[in-house]
Structures are given as C-alpha cells and as structure tokens.
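All values below were derived from every heavy atom in this structure, side-chain atoms included, with hydrogens, water molecules and symmetry-related copies excluded. In what follows, chains carry the letters A, B, and so on, assigned in the order in which the sequence lines appear, proteins first and then strands, with residues in each chain numbered from 1.
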Amino acid sequence: MARFYVTTPIYYVNDVPHLGTAYSTIVTDALRRYHLLRGDSARMLTGTDEHGLKIERVAHEKGTTPQRWADETSARFRAAWPKLDIAADDFIRTTEPRHTEFVRELWKTIEAKGDLYEGEYEDWYCVGCESFKTEKELLPGNLCPIHLKPVERLKEKTFFFRLSKYEKILLELYARKPDFIAPKERRNEIISFVEGGLRDLSVSRTSFKWGIPVPGHDEHVMFVWFDALANYMSALKHGPNGEDLMAYWPKLGSDARAVHIVGKDIIRFHAVYWPAFLLAAGFTEDELPSQVYAHGFLTIDGMKMSKALRNGVDPVRLASEVGPDVLRYHLLRAIAFGQDGDFDHAALVERYNADLGKNLGNLLNRTLGLCAKYTGSKVGPGWAPTPLEDDLFAAVKIHAADAANEWDSIAPHRALEATWAIASAANQYVDRAAPWAAVKDADKERGQARVETILSTLLSLLGALSIMIWPAMPQKSAAMRKQLGLEPVEPRTGHDLFANLFALRAPGEAFSVGAPLFPVIDKDTEKALLERLVPKTDASAATDAAAAATPAAATPAAAAALSKNDAPTKPPEADPGSPMTRSLIAYDQFGAVDLRVGVVVSAERVQKKDKLLQLKVDIGEESPRSIIAGLAKTFKPEELVGKRVIVVANLAPRDFGGGFVSFGMLLATGPSEDLTLATVTGNVAPGARLK
RNA sequence: GCCGGAGUAGCUCAGUUGGUUAGAGCGGGCGUUUCAUACGCGCUAGGUCAGGGGUUCGACUCCCUUCUCCGGCACCA
C-alpha cells in the first residue's frame, strides 16, 4: 500500500466549470479511483482560487463584494463535480482560514530563511490607468497607449522572492528527476525557460486589497500564485476537519506520491515557482511534488473553446444528457492525455456505440443470455478449462497488466484501450468456444460441463472488467456488477483488487439480468441527440471573425481575457482595465488623435518577427503609409489587402529595427491570435477623418 | 528568428536499442455465425512511413537539409 495524493488545479472563480476544467477534474478523479483499486491510500484535492485583482474588479463590476462573488462561483464548482461522479476528498478555497493561515506561515518561513526581501519596483506609471507600464508598451514620447498622456516614473514597494537563486538548483532537479515534469515536451520547454535565466519575482502588491495580507505588512497582499500554489499543501496541513494529513506529502523514506494534474498553460507555475517556494521554505528535494503532469487543451468539434463564441460546452448538462459515465469514458479514452485533443460530439456517439454498446455492453448481455439459457442464470459447477481457456486467460492477464501500467504512468487513454482489449478477446472467445454448439454434444453431460466452463470463463472476464472500468465509469461498473450478481466495487486500503481480477465465481451464485447497460444509439436518436448537444455557434462569427463586427464588444468582461496567468515578472497589472477604471478625457484630448480611414494596398511579413506585418495603407496621401502592425497571428498578408481600416495617422513614427519604421497604427481589438480590425461600414474614401 | 515537439492507412494514433511481407482501433467494403443491444466473428486498406540527400549489407527507426503544423521564448498590436 502506498499513499497517492492527486490534485487538480484550483479553478479561478472568474470562470464557471467548462469542459476543460471538467476534463482535468475527471482525469484526476479517475486516477484517484485507480489507486484506490490498487489498495493505495489515495486522496484527491480540488478547489477554487479566489484572490487577485481580477476578482476584485469582476466583483466590483457586478456590484458585489469579492467574497460574495467568490462564494457564489466556488459553489458552482463544488456543485458541478458530484454530477460528474467526481468525489474529491477535499475541496479547498483559498479564502478559507485554514489556507490563509498556512500561506502566511509559509511566507514567514521563507522570509526567515532569507528568500523574501523588500524592494522597490520601479517603472513607468500611468495615473489614468493606475498601473505600471513597461517601456515597450509606451507610445513614442512616453505616452500611455490608453490615455495618450505622459507617464511618470514611479516606484512601488514590493516583496521579491529570490527566484534567481534557484535557477541552477531547479535545473539540477529536472536533470535528477526526469519525471518531475511531464509530458516531455513541457519538460523541454520549462528547462529552456529556466536556462534563459530567472529573475526575482515580485510577489506582493499594494495596488489592490483582495488577497492574503503579507505578515507584518498589511498594505501588501500576496501575489495570487504564491497564494494559490500553496493550496496543495495547506489542504493537507489542515484537512477539512482540521486534521493533519501531511503523511500524504512526499518525504524521504515515505511511500507517498503527490501528483499535480495541470493544464499546459500553468505548467510553469507548478514546475518552477512552486518547487522554488518549497525549497525556499526549507523543504528538501524529497519533499517536492513527485510529478507535475500537464494535459493539453481541448477543442470542441474542431473549434477553439471560446466564451465570445459561446461554444463552451456545459459538462454538467452534457452529463445529464449522456450520463456522467459516458462523458467520462469518452474524455478519458478519446484524448491522448498530455496532448491537445478534440471533443467531438459525433465521435462521442460513435465511440459509445462501438466500445460501450457493441463491445462491452453486448458482451455482458450475450453472456447473461447464455447463462439464462443454459445454467438457469447461476454459476454452473462445471470447470474444466481447455487450452482455449488457458490461452485466453494468459492473453487477458497481459492486457490487465498493461492497463495497470498505463494507469500508473498516467495514460488513461491507453489504460482503457488495454481494458477494452479484454472485452474484445472475450467476444472472440465466445465465437470460438461456441457454447450453443457445445451444448449439442452427443454426450449431454459433457456438453453441459463444457458450457459451464465457457460461461464461468466469461463471467470471470466480466467480473474483471467491472472492476477495471470503475475508475472511468463508477456507476456503470455498479450497474454491471448488479447484473452479474456482485456488490459494487468497494476498494479497501491495503487490498489490491487487481491481484485477483479474474477470480472464478462460486458455483450457484445467481445473476439478475437487467436492461442493456449501453443501448446502442440508432441514427435517428443520434441525430436528435446531436441536435440538442452541439452548441449553436454563430458560424459567421467563427469563420469570418475578421470581417464581422466584433463579438467581443458585447461582453467586455468576458472578452477581457480574464486570466490570472499574466506573466508575473511583469509589473503589477499592465491591464487595460475595465471601463470603470478609466479616467475621462476632454474633447480636445480626443481631438488630438487624427483617425483616418485607410485602405490596405499591400501587406507582407516582417522578417524574423512572427507577429508583425508591414502594411502599405492608402489614407488619401500621395503615397501609401508604411505601417507595422502585429497582425500576423490572425491574418495572412493577402487577406488584408483591400480591407478598410482605421489608422491613427498622427502617431509619432516608431522604429522597429532592421529598417522597419511604422508611421501610424491600426485600431483593433481582441487577443493577438484572434484580432478583429476596426473598420467603417459604407464605401468611405481613404483619408476620411473620424470624429 | 531561437528552442522544442510533430508530420505513418479515410479518421485517431502504435511503431522498442536500425533488420525478413509497416501495425491497432474506428469508419468503409466483402463474407459468416446466431448466444446477444440488427449485436459478434473473420477477411479487407496494396499506405511515396511529409519531400530531398547521406551513413549502412540493410532505415519509418541514425545524420544533414527543405516544407508544413503545434507549443515555448523573443518581437508585438
């Protein structure tokens, strides 16, 4: 028996549960269940991350308090998971005292050991935005790009974490523990990131309040990630009932493993900052998480998940339609864990029919049918295995061992593949053994004994399968076992259910055949189901975002790319800010901006700059303006030609090096990979002034 | 541009340290059984293993190079 501690990321409360978070959480739960099957003492943690400026702002915009906002959103996560048959052992909120107290202790420990120091952050500051700006963000003449007013040089007090000190230590760690970061693509990325040099990390803010106060410095709140990462340990230090569960945390000589399941977008925080924080607090290398495993992103029916397009699939609704087990199975089986994957509704139905209905479901059904016919729905006494059975068991045991290995190495898709190889082998076996023929043996007794052997064999395999599917499909496992006349899977610590998977049933045990576990979905039902499930996206908005009126504008809060993951080495929040936080400008200030309608006459890529395009834009002048714009992530050069754009015509020229100088700027909105250009309706002549 | 990863049958992917006819699942096609949820089983893909060079007796598997895609970094709206 070993201890296995597995965690999901804690989810930021400016979002609600969606398919991506559901996926992380389902995988984590399946791993927890697998380890329980093995007799391990497994523990799963999930929760919500509730601090930070973003939350403070969202709450403000919604006219509520951060705490109330967090309460509501956190409750939605908490309510969602059980509906997906996720049974976390603990749900932590970063606003709980057990967490905040732990984090403050952690802070004090690190401070005492010398890796936190008070310093000053100095950079350009825009009073209008009330935030720092980096040099790069500024317009020529040190103007704020939003307010077009001069910025000031300002210092803010902040605590720094001595991250630079851990550069070498972390690289050595990665070298010594090759599995610490998985999959290996991510590992490579992290290594090259750290090799690129680590700067000390600003880990406190004075510009907002919604966070954990720094001990002894109430004007500072902690950087959200310092706060958030510690949840994995605070939840052990102070369990849900106040108990100390630190035995689950790895330690030299202990059998405890801790695995963090994360999305690939937050791997850096977990693989760089978190171990550095722990080392700084005096934990040894043996007391770091065993592994940080990053999964990929999901697309839905081939399209990116996007709030603006509203194709976010509600996992709870999906589960209520197809059943949590089916959703879980499909996610676990169809997506290669660690890689990006596509959630395809039609594929879900297809897989359901093939794997669940026709393979496993039908196997159960036909076996029980045979039992009803030949043994009175009881386990017969006959047991005389032939080479056919011996070969089958040999093969099937290998598959079971494969499945176990794959679960152990966190490859649910492969584990399930191996599991289903057993079901396939069983179906083949039925045909080969042909009990319906065997029963016609001239020697009646011999025929009956043969049939009983065959059926006992099948029952053994089905019993094994009912256990092996439990991590993915707990309810279906129970339903299956009920039909087999077995109690639901009940894992016990120290009792490895894989040890005797293929145990034979005792003669006389009875079954209770029920309705098909996985009725096959026919074409008509499928059509109706898909119609209900597949989210209606605005196709034109999806495929022609460039030309369409910006969909993001309708929901500013959602469009603002609210993420807590903004690079933390940047100054405190170079956030464009909500409309509420902007200051007002006088009419002449606006009038100072010369906005013109332009037509793109040519566009080409800028060498060595992935994001940049060099445009020639006709704004009614003798010759087209040369403008460098960061549009390359969204647009191909040729598709811009002929487009009407809005140009800031009186912007001071900016030199991009290599002979590329930009004389103006285009107006656009959205993230860099999905920009929408501002334009005008109607056939306005180039050079027309906007006012 | 730098650093990674990937490009294998219609789709999703396996292919160990280079070695006889390149694999699986799904879908499709053909055949077949009857216990079963019109389900199962068997057969079936003649695939330039992205392209081009090279090393080797021999390369999907090693080296070089080109192209495409995806990430990270850089640059940036």
Side-chain angles (χ1 to χ4, degrees), chain A residues 134 136-137 139 145 183-197 264-265 267-268 294 296-297 333-336 338-342 344 346-347 350-351 353-374 413-414 416-418 420-421 423-424 426-439 451 454-455 458 513 515-522 567 605-613 615 627-635 648 654 656-658 660 662 665-678:
Chain A
T134 55
K136 296 172 209 155
E137 289 176 280
L139 300 177
K184 66 176 193 295
E185 306 92 273
R186 302 294 150 222
R187 179 169 182 269
N188 291 340
E189 269 171 34
I190 292 297
I191 289 175
S192 77
F193 172 77
V194 175
E195 280 173 343
K264 66 180 182 181
D265 53 331
I267 184 79
R268 184 189 302 166
F297 285 161
R333 176 75 178 83
I335 291 146
Q339 290 172 247
D340 288 348
D342 184 46
D344 186 300
E350 219 168 71
R351 186 174 291 287
N353 278 340
D355 291 1
L356 300 179
K358 298 177 183 179
N359 195 342
L360 179 62
N362 187 51
L363 173 67
L364 175 71
N365 203 244
R366 69 195 299 206
T367 301
L368 294 180
L370 287 165
C371 288
K373 207 156 184 173
Y374 300 129
H413 60 297
R414 294 191 177 197
L416 292 172
E417 189 181 4
W420 255 258
S424 293
N427 271 320
Q428 285 165 25
Y429 168 75
V430 179
D431 277 54
R432 253 178 243 163
W436 50 89
V439 79
V451 168
I454 293 168
L455 292 180
L458 287 170
V513 187
L517 226 51
F518 304 102
V520 169
I521 297 174
D522 62 40
R605 293 187 184 285
V606 177
Q607 295 282 310
K608 301 187 184 184
K609 311 281 183 197
D610 275 3
K611 286 196 177 181
L612 299 186
L613 293 182
L615 310 176
I627 295 177
I628 311 287
L631 305 172
K633 290 264 171 165
T634 306
F635 302 101
V648 181
R654 176 145 188 210
F656 285 82
F660 290 100
S662 183
M665 185 174 92
L666 301 191
L667 298 189
T669 182
S672 68
E673 66 280 5
D674 188 23
L675 283 168
T676 300
L677 284 172

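Taking 4.0 angstrom as the limit, R333(A) places none of its side-chain polar atoms (N or O) nearer than this to OP1 or OP2 of rC26(B).
Looking at which nucleotide of RNA chain B each of S424(A) and A354(A) is closest to, the 5′-most match is held by A354(A). Judged by closest nucleotide on RNA chain B, V430(A) is the one of V430(A) and K358(A) placed further toward the 5' end.
Of all non-hydrogen atoms in A426(A) and L458(A), the two that sit nearest each other are O-CD2, 3.9 Å. Nearest heavy atom pair, residue A334(A) against residue R351(A), reads CB-NE, 3.7 Å.
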Return the polar atom pairs (N/O with N/O) between nucleotides 3-11 of chain B and the protein under 3.5 Å, or none.
from: rG4(B); atom 1: O3'; to: N188(A); atom 2: ND2; distance (Å): 3.3
from: rG4(B); atom 1: O2'; to: N188(A); atom 2: ND2; distance (Å): 2.9

What are the atom names and distances for every N/O pair under 3.5 Å that joins the protein to nucleotides 30-34 of chain B?
none

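Atom pair I454(A):CD1 and rC41(B):C1' shows a separation of 15 Å (rounding to whole Å applied). Regarding E417(A), its CD atom lies at a distance of 7 Å from the C1' atom of rG25(B), rounded to whole Å. Look at CZ on R268(A): it is 12 Å from C1' on rG71(B), rounded to the nearest Å. Spacing between atom CG of L368(A) and atom P of rG40(B) amounts to 17 Å, rounded to whole angstrom units. Between the CG atom of N427(A) and the C1' atom of rU37(B) there is a distance of 12 Å, given to the nearest Å. Rounded to an integer number of Å, the gap from CG of D355(A) to C1' of rG40(B) is 15 Å. Residue L356(A) contributes atom CG, which lies 12 Å from atom P of rG40(B) at whole-angstrom precision. Summarising the geometry, the separation between NE2 on H413(A) and C1' on rC13(B) is reported as 9 Å, rounded to the nearest angstrom.
Taking atom P in both rC26(B) and rA45(B), the straight-line distance is 16 Å, to the nearest Å. The C1' atoms of rG19(B) and rU56(B) are separated by 11 Å, rounded to the nearest whole Å. For the C1' atoms, the distance linking rG23(B) with rG15(B) amounts to 7 Å, nearest Å. Nucleotides rG40(B) and rG4(B), compared at atom P, are 47 Å apart to the nearest Å. Between rA59(B) and rU12(B), the distance separating the two C1' atoms is 26 Å to the nearest Å. Here, rG53(B) and rU16(B) have their C1' atoms 27 Å apart, quoted to the whole Å. A gap of 15 Å separates the P atoms of rC63(B) and rU55(B), to the nearest Å. Taking the C1' atoms as reference points, rG5(B) lies 15 Å from rA50(B), given to the whole Å.
Residues satisfying the side-chain hydrogen bond (donor to acceptor under 3.5 Å, both in side chains) criterion with E350(A), sequence neighbours excluded, are absent altogether. Listed by chain and number, the residues in a side-chain contact (heavy atoms from CB on, under 4.5 Å) with V648(A) are V593(A), L595(A), N650(A), L651(A), M665(A), L667(A) (sequence neighbours excluded). Residues satisfying the side-chain hydrogen bond (donor to acceptor under 3.5 Å, both in side chains) test with N188(A), not counting sequence neighbours, are none.
Between H413(A) and I335(A) the shortest side-chain heavy-atom distance does not fall below 4.5 Å. In this structure, the side chains of W436(A) and V430(A) come closer than 4.5 Å at one or more pairs of heavy atoms.
Listed nucleotides rA36(B), rC26(B), rG71(B) differ in distance to R186(A); the shortest reach to its side chain belongs to rG71(B). Listed candidates were rC35(B), rA77(B), rG27(B). Nearest to the side chain of L370(A) is rC35(B). Here rU37(B) is the nucleotide among rG42(B), rU37(B), rG40(B) with the atom lying nearest to any side-chain atom of V520(A). Listed candidates were rA14(B), rC73(B), rU37(B). Nearest to the side chain of R414(A) is rA14(B). When distances run from any side-chain atom of N365(A) to the nucleotides rG72(B), rU37(B), rC26(B), the shortest one goes to rU37(B). Distance from the side chain of F193(A) is smallest to rC73(B) among rC73(B), rA14(B), rC35(B).
Without hydrogens or angle criteria, D340(A) side chain to F297(A) main chain gives a donor-acceptor distance under 3.5 Å.
Using Watson-Crick or G-U wobble geometry with both donor-acceptor distances under 3.5 Å, rU61(B) finds no partner in any strand shown. Base-pair partner of rU16(B): not found among the strands shown (Watson-Crick or G-U wobble, both distances under 3.5 Å). When both distances must be under 3.5 Å, the Watson-Crick or G-U wobble mate of rG40(B) is rU32(B). Partner assigned to rU55(B) is none, using Watson-Crick or G-U wobble distances below 3.5 angstrom. Judged by Watson-Crick or G-U wobble contacts below 3.5 Å, the nucleotide rG71(B) has rC3(B) as its partner.
Looking at heavy-atom distances under 4.0 Å, G357(A) makes contact with a base. Residue L517(A) is in base contact, counting any heavy-atom pair closer than 4.0 Å across all strands shown. Among the atoms of the strands shown, none is found under 4.0 Å from any heavy atom of P435(A).
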Kindly indicate, with the supporting measurements, whether the criterion side-chain contact (heavy atoms from CB on, under 4.5 Å) is fulfilled by D355(A) and L416(A).
CA-CA 10 Å; D355(A) 291 1; L416(A) 292 172; over 6 Å; no

Without placing hydrogens or testing angles, list every side-chain donor-acceptor pair under 3.5 Å for residues 366-373 of chain A, not counting sequence neighbours.
from: R366(A); atom 1: NH1; to: N427(A); atom 2: OD1; distance (Å): 2.8
from: R366(A); atom 1: NH2; to: D431(A); atom 2: OD1; distance (Å): 3.0
from: T367(A); atom 1: OG1; to: L363(A); atom 2: O; distance (Å): 2.7

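If you take NZ on K264(A) and CD on Q339(A), they are separated by 10.0 Å, rounding to the nearest 0.5 Å.
A salt bridge is absent between E417(A) and R414(A); no separation between the charged side-chain nitrogens and carboxylate oxygens falls under 4.0 Å.
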